[in-house]
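Throughout, protein chains are lettered first and strands after them, A, B, ... in sequence-line order, and every chain is numbered starting at 1. Everything numeric in this text was worked out from a predicted model, so none of it was measured. Both backbone and side-chain heavy atoms feed into the values below; hydrogens, waters and symmetry mates do not.
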2 protein chains.
Amino acid sequence: MNFQKRKQKIFEELDSRGEVDIKKLAAELGIAEITARRDLNQLAADGLLYRTHGGAVKVNPQERPHAFVNKTAQNAEVKDAICRVAAAQIQEGDIIFMDCGSTVFRLCQFIKNKRIKVITNSLPVIYELQDSAVSLNIIGGELDDARQAMHGIIANEHIARYRATKAFLGVDGISLNGLFANSEKEAGITTAFAGNSAYTYLLCDAGKIGRETYLNFGGLDIVDAIITNAGAEVMQDYEERGVKVLRAV
Amino acid sequence: MNFQKRKQKIFEELDSRGEVDIKKLAAELGIAEITARRDLNQLAADGLLYRTHGGAVKVNPQERPHAFVNKTAQNAEVKDAICRVAAAQIQEGDIIFMDCGSTVFRLCQFIKNKRIKVITNSLPVIYELQDSAVSLNIIGGELDDARQAMHGIIANEHIARYRATKAFLGVDGISLNGLFANSEKEAGITTAFAGNSAYTYLLCDAGKIGRETYLNFGGLDIVDAIITNAGAEVMQDYEERGVKVLRAV
DNA sequence: TTGATATTGATTATATTTGAACAAATTACA
DNA sequence: TGTAATTTGTTCAAATATAATCAATATCAA
């Protein structure tokens with residue numbers, strides 16, 4: 001019964017009953033109360049639940065209707081798994097770049113309760129994080145209708161004014177030859193985000209790994225870590241190149 | 001039955017009945033009256049309810065600044081009349097500044113089909129004009145949650161990079177002594193917009209005319225024209241100062 | 001295997017929550 | 001206005017939860 005398993009159980013309990021009790025939890029899972037407490041504390045630190053005396057309750061996800069965000073994402077489960085890992089990397093006080101990829105967008109749900117600053121050029125991200133604990137900064141510039149995000153010279157300049165502790169970015173493809181994008185605009189934004197953050201995470205599902213498409217806009221050295229569901233043997237080459245690999249189950 | 005659970009119950013009760021009674025609360029939740037009292041005191045300290053003798057009532061549901069989602073704006077007819085006049089001033093090819101006032105927001109519906117560029121710091125405006133004929137440019141910077149708009153140093157700098165043919169702006173008040181705003185941030189944005197557009201329209205209903213409030217941030221010379229429903233005789237003074245007045249019926 | 005690291009549990013000290021009793025303040029009502 | 005009833009704040013004690021420290025166990029890389 002490891003942490004992942006227990007975490008799952010905790011959320012099952014929370015979803016069905018709305019609250020968990022340390023004593024009961026410890027008894028049901030066959031663990032010590034101190035362990036149950038530590039689990040809940042950690043999950044509370046990640047903003048995934050609220051701690052109470054003797055247990056925890058679930059956060060109320062003050063749901064708002066966002067008509068224009070296309071929620072029917074493909075591969076939602078894989079992307080969510082990747083985003084859970086990503087969210088665990090985020091600490092209170094972080095300043096975070098988020099770009100306009102569909103994977104990165106799904107990170108929103110996991111960071112709503114964190115006290116952090118998010119700087120983004122993505123309208124869906126903005127609408128998703130409005131009225132959350134997150135403090136928002138919007139990259140200005142021309143709106144690209146198709147991507148629902150700001151791009152262009154002014155956007156790049158704007159990014160250059162900020163320094164983030166962490167960047168969470170998507171790409172259209174990545175291989176040992178570097179990063180690939182479907183447009184120069186996207187490449188420019190990604191480069192700007194990565195260049196102005198202390199640590200850069202790339203979020204990409206297995207389908208993106210090894211994929212070379214249209215524009216090769218930078219080497220692997222731009223990236224500090226890749227969060228992916230791809231197999232360990234596939235990722236070994238990247239690790240040998242000095243890129244940290246975080247595997248999402 | 002911990003504090004969080006009780007808190008939930010208290011708000012359920014408040015929402016349905018509008019008030020709670022300490023005795024009943026203690027009986028229903030199976031807690032001592034002193035505990036119920038302490039709960040209510042704490043929630044009152046957080047401003048989540050008002051304490052009364054023997055219980056509590058709910059706080060006035062203060063208007064959420066989600067005015068754009070809640071489209072039932074006050075004075076909608078007057079504002080729409082003003083905006084129709086404003087929209088008539090806009091030609092194809094114009095580059096337009098729009099700020100985050102509630103009157104200016106209502107201009108959106110009248111310009112959706114025009115082939116123009118709109119530069120704005122207002123999220124509601126962006127939301128409303130997405131997927132229209134209008135080409136959008138978003139002013140970046142820190143998001144002010146209450147106003148749902150970008151403000152601050154970076155926003156002002158960003159505005160300074162652009163030149164518009166026309167600006168459509170709101171204020172909190174205007175008198176012969178100049179323009180008035182409720183915050184420095186707002187004043188800064190308005191000044192920046194006006195300073196970088198060839199022609200500046202002020203949209204204000206009769207209630208704003210002659211109103212002096214908080215911060216006087218500029219003289220009448222900032223403005224080229226006022227669009228208003230105020231009476232002709234009231235507006236004569238402004239015309240004599242060289243401001244063009246467009247009257248909305 | 002070994003050593004290093006992370007996880008888990010036991011023990012003890014500290015902090016929080018809750019309720020009871022009683023004095024002070026407020027309200028209700030004649 | 002004055003008196004009784006009620007509500008409130010304060011202090012204290014008991015029960016319970018939590019944090020801190022240290023030891024035991026598991027995991028992992030070399």
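As rounded to whole Å, 16 Å separates atom P of D:dA26 from atom CD1 of A:I31. Note: CZ (B:F3) to C1' (D:dT16) measures 18 Å, nearest angstrom. Distance CD1 (A:I22) to C1' (C:dT17): 15 Å, rounded to an integer number of Å. Taking atom CG of B:L40 as the reference point, atom P of D:dT7 lies 13 Å away to the nearest angstrom. The distance from atom CD of B:E33 to atom C1' of C:dT17 is 18 Å, rounded to the nearest whole Å. What separates CD1 of A:I34 from C1' of C:dA13 is a distance of 13 Å, to the nearest Å. Rounded to a whole Å, the CG atom of B:L25 is 15 Å from the C1' atom of C:dT18. The NZ-P distance, from A:K5 to C:dT7, rounds to 18 Å in whole Å.
Scanning for side-chain hydrogen bond (donor to acceptor under 3.5 Å, both in side chains) contacts around B:N182 gives B:D172, B:T213, with sequence neighbours left out.
A donor-acceptor contact shorter than 3.5 Å is absent between the side chain of A:D94 and the backbone of A:I96.
Contact check for A:K166 versus A:S197: no side-chain heavy atoms found under the 4.5 Å cut-off. Considering only heavy atoms from C-beta on, B:R147 comes within 4.5 Å of B:S183 through its side chain. Contact check for A:I34 versus A:R37: side-chain heavy atoms found under the 4.5 Å cut-off. Proximity of B:H158 to B:M150: side-chain heavy atoms (C-beta onward) are nowhere separated by under 4.5 Å.
Residues from residues 11-19 of chain A lying near DNA chain C, meaning a heavy-atom separation below 4.0 Å, are absent.
Of the side-chain N and O atoms in B:R51, one or more sit less than 4.0 angstrom from OP1 or OP2 of D:dT8. For B:N41 and D:dG9, the shortest distance from a side-chain N or O to OP1 or OP2 is below 4.0 Å. A sub-4.0 Å separation between OP1 or OP2 of C:dT27 and a side-chain N or O of B:H53 is present. Close to D:dT6, at under 4.0 Å from its OP1 or OP2, lies no side-chain N or O of B:R37.
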Using the rule given for salt bridge (charged side-chain N to carboxylate O under 4.0 Å, His left out), can you reason through A:K114 versus A:E92, listing the C-alpha separation, both sets of side-chain angles and the distance that settles it, and then say yes or no?
CA-CA 6 Å; A:K114 293 180 193 264; A:E92 209 142 282; over 6 Å; no
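Here D:dT7 is the nucleotide among C:dA10, D:dT7, C:dT18 with the atom lying nearest to any side-chain atom of B:K23.
Comparing A:D21 and A:R38, the nucleotide of DNA chain D nearest to each residue sits closer to the 5' end for A:D21.
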